[in-house]
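One structure below.
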Amino acid sequence: RRVHGKNRSTKMFYSVKDVDQHAFVKALALFLKKSGKMTQPKNVDILKLTPGNELNPMDPDWFYIRTASIMRHLYMRRAGLTGFKKIYGRKRRNGSAPAHFVRANGTVLRRSLQEAQKMGFVEKATQGRRVLSKGGRQCMDRIASQVAAAATRHRHDAMAHPVPVAAE
């Protein structure tokens, strides 16, 4: 989308829906970590994300990544805790018995939503659901614009300096 600035120059505006979701979640997680306002749970090194997992996450920043992913989901649609438990659930392998779906750990999801609410990005809506606040949407759109600008710069650099192919 194009937005006209004060000096009539054209500037590109991107929303979260316009950029690569993986790059956006990584950038938002980095922003949440650098802000210093979010606190991780004390037992972050031993928590499992679902009962179907055998081990806890290997990435030490998994809590920031999960919170960023939840915020991205809230940008797309409203959801409550039960909805997030279904979204982040997975198949549990039961050895020789048939596999079954298990919901995600509600404590981790609840804590992520509480931390985002404490930072002012999320607010409670009717019927116990949570929605993004206006400030949360603005912050996420700003980060999306930064991600899009970085992707555009990377694309232009790759086109300007092509990698030579070795002759056979």
Side-chain angles (χ1 to χ4, degrees), residues 1-5 10-41 44 47-53 56-92 99-156:
R1 299 179 195 145
R2 294 191 184 276
V3 178
H4 293 286
T10 307
K11 208 160 67 166
M12 293 299 288
F13 170 80
Y14 293 94
S15 72
V16 175
K17 296 178 182 181
D18 299 331
V19 296
D20 177 38
Q21 65 179 0
H22 181 72
F24 174 76
V25 168
K26 289 285 190 183
L28 183 58
L30 185 64
F31 170 78
L32 294 173
K33 184 177 180 181
K34 284 186 175 182
S35 71
K37 297 177 184 175
M38 181 178 282
T39 57
Q40 288 187 334
V44 74
L47 278 176
K48 292 194 316 179
L49 298 181
T50 68
N53 290 355
N56 57 334
M58 296 297 181
D59 188 0
D61 297 333
W62 68 264
F63 187 73
Y64 300 109
I65 294 170
R66 178 56 56 102
T67 304
S69 175
I70 287 172
M71 288 175 62
R72 184 189 159 276
H73 271 286
L74 282 176
Y75 189 97
M76 302 296 178
R77 71 194 71 80
R78 289 186 315 232
L81 193 62
T82 305
F84 283 123
K85 287 168 81 170
K86 290 177 186 175
I87 290 169
Y88 292 106
R90 66 182 295 254
K91 179 178 73 167
R92 180 179 193 159
H100 296 290
F101 180 81
V102 290
R103 291 183 179 182
N105 186 349
T107 306
V108 172
L109 298 171
R110 190 178 316 107
R111 183 67 191 265
S112 293
L113 286 168
Q114 287 170 350
E115 289 296 321
Q117 189 172 353
K118 188 174 80 174
M119 292 177 73
F121 294 139
V122 175
E123 55 192 21
K124 277 200 173 183
T126 58
Q127 302 172 351
R129 293 181 177 225
R130 295 214 167 70
V131 294
L132 278 178
S133 64
K134 185 177 179 182
R137 279 192 179 276
Q138 288 174 348
C139 178
M140 291 174 72
D141 284 337
R142 188 182 73 245
I143 292 172
S145 293
Q146 292 171 358
V147 168
T152 304
R153 260 195 318 272
H154 179 70
R155 226 176 303 129
H156 287 306

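What you see below is based on every heavy atom in this structure, not just the backbone, and it leaves out hydrogens, waters and symmetry mates. For the single chain, residues carry numbers from 1 onward in sequence order.
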Does the side chain of R103 reach to within under 4.5 Å of the side chain of K86, using non-hydrogen atoms? yes
Going by heavy atoms in the side chains, are E115 and T39 under 4.5 Å from each other? yes
Check whether S133 reaches the backbone of G120 with its side chain - one donor and one acceptor, N or O, closer than 3.5 Å. yes
Side chain K48, main chain N53, donor-acceptor under 3.5 Å: yes
Taking the side chain as every heavy atom from C-beta outward, state whether R130 and I70 have any atom pair closer than 4.5 Å. no
Heavy-atom closest pair, residues A27 and V147: CB-CG2, 3.5 Å
Hey, what do you get for CD (Q21) to CG (L28), rounding to the nearest 0.5 Å? 13.0 Å
A quick test of your reading: do over 12 heavy atoms of other residues, nucleotides or ligands sit less than 6.0 Å from NZ of K91? no
How long is the span from the NZ atom in K85 to the CG atom in L81, to the nearest 0.5 Å? 6.0 Å
Quick check for you: to the nearest 0.5 Å, what is the distance between L32 atom CG and M38 atom CE? 4.5 Å
For residues V131 and V122, determine if any side-chain heavy atom of one lies less than 4.5 Å from a side-chain heavy atom of the other. no
Please report the shortest heavy-atom distance between L47 and P57, naming the atom on each side. O-CD, 3.5 Å
Full working for side chain to side chain contact (heavy atoms under 4.5 Å, CB included) between V108 and L49: CA-CA 7 Å; V108 172; L49 298 181; 4.0 Å; yes
Using a 3.5 Å distance criterion without hydrogens, assess whether the side chain of D18 forms a donor-acceptor pair with backbone atoms of S15. yes
F31 and Q146: CA distance, side-chain angles, deciding distance, side chain to side chain contact (heavy atoms under 4.5 Å, CB included) verdict: CA-CA 12 Å; F31 170 78; Q146 292 171 358; over 6 Å; no
Short side-chain to backbone donor-acceptor contact, T67 and F63, under 3.5 Å: yes
Rounded to the nearest 0.5 angstrom, the CG-NZ distance for L113 and K124 is 9.5 Å
Relative to each other, are the rings of H73 and Y88 parallel, tilted or perpendicular (30° and 60° limits)? perpendicular
d(I143 CD1, R72 CZ) to nearest 0.5 Å is 13.5 Å
Kindly indicate whether the side chain of K17, heavy atoms from C-beta on, has any atom under 4.5 Å from the side chain of M76. yes
In the structure I gave you, are the side-chain heavy atoms of F121 and M140 within less than 4.5 Å of one another anywhere? no
Please say which of R66, K33, Q40 ends up in a side-chain hydrogen bond (donor to acceptor under 3.5 Å, both in side chains) with D61. K33
Search all heavy atoms of P51 against all heavy atoms of V102 and return the closest pair with its distance. CD-CG2, 4.4 Å
Between CZ of F101 and CZ of R92, what distance do you get to the nearest 0.5 Å? 12.5 Å
Are V16 and R137 close enough that some pair of their side-chain heavy atoms sits under 4.5 Å apart? no
Could you tell me if the side chain of F84 sits less than 4.5 Å from the side chain of R110, heavy atoms only? no
